[in-house]
Amino acid sequence: MSNTASAQEKKTILTATIKTAIYCDHCKACETCGPKFNQALLKEKGVQMVVLDDKAMTIKVTYNSKKTSLDKIKAAISKLGYDADEVKADPVAYEGLDGCCKKA
């Protein structure tokens, strides 16, 4: 008798929409905002897709919950200088943003 077990586990892919505060009126083209979100967040283990909506002030993130958590993603956004839901922006990172990206 043999017992065969599947070595593959299903990945848990989740999508979350995170509220943020984006004051820049050209975020998708701004060197600090749009590309920075994509480059930095896509380097986070488990993050698969990032969509920045500067008008709605949201960041939609698709991620593998077996490799990362929503709390880790929010912490990474905070380290970029932006709020992420209840997680406030890191003050040092916020100071490093371009002037156009800060609240007037």
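We number each residue from 1, following the sequence as shown.
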Excluding sequence neighbours, so at least two apart, what forms side chain to side chain contact (heavy atoms under 4.5 Å, CB included) with Asp71? Ser69

Reported CG-to-CG distance for the pair Leu70 and Asp85, which is rounded to 0.5 angstrom: 7.0 Å

Rounded distance [0.5 Å steps], OH in Tyr63 versus OG1 in Thr12: 10.0 Å

In Å, rounded to the nearest 0.5 Å, how long is the span from NZ of Lys67 to CD of Gln48? 7.5 Å

Distance-only check: which donor-acceptor pairs under 3.5 Å involve side-chain atoms of residues 14-22, not counting sequence neighbours?
residue, atom, partner, partner atom, Å
Thr15, OG1, Thr62, OG1, 3.2
Lys19, NZ, Ala56, O, 3.0
Thr20, OG1, Asp83, O, 2.5

For Val51, which fellow cluster members are found when Ile, Leu, Val, Met, Phe, Trp and Tyr are connected by side-chain heavy-atom distances below 4.5 angstrom, either directly or through intermediates? Met49

Pairs in or reaching into residues 86-95: which pass salt bridge (Lys or Arg N to Asp or Glu O under 4.0 Å), with residues at least two apart or in two chains? Lys74-Glu86, Glu95-Lys102

Do the non-hydrogen side-chain atoms of Val50 and Leu42 ever get within less than 4.5 Å of each other? yes

Nearest 0.5 Å, what's the OG1-CG distance between Thr58 and Leu52? 7.5 Å

Quick check on the hydrophobic clustering: are Val87 and Leu97 connected, directly or via other members, by side-chain heavy-atom contacts under 4.5 Å? no

Shortest non-hydrogen contact between Ser78 and Ala93, atoms and distance: O-CB, 4.1 Å

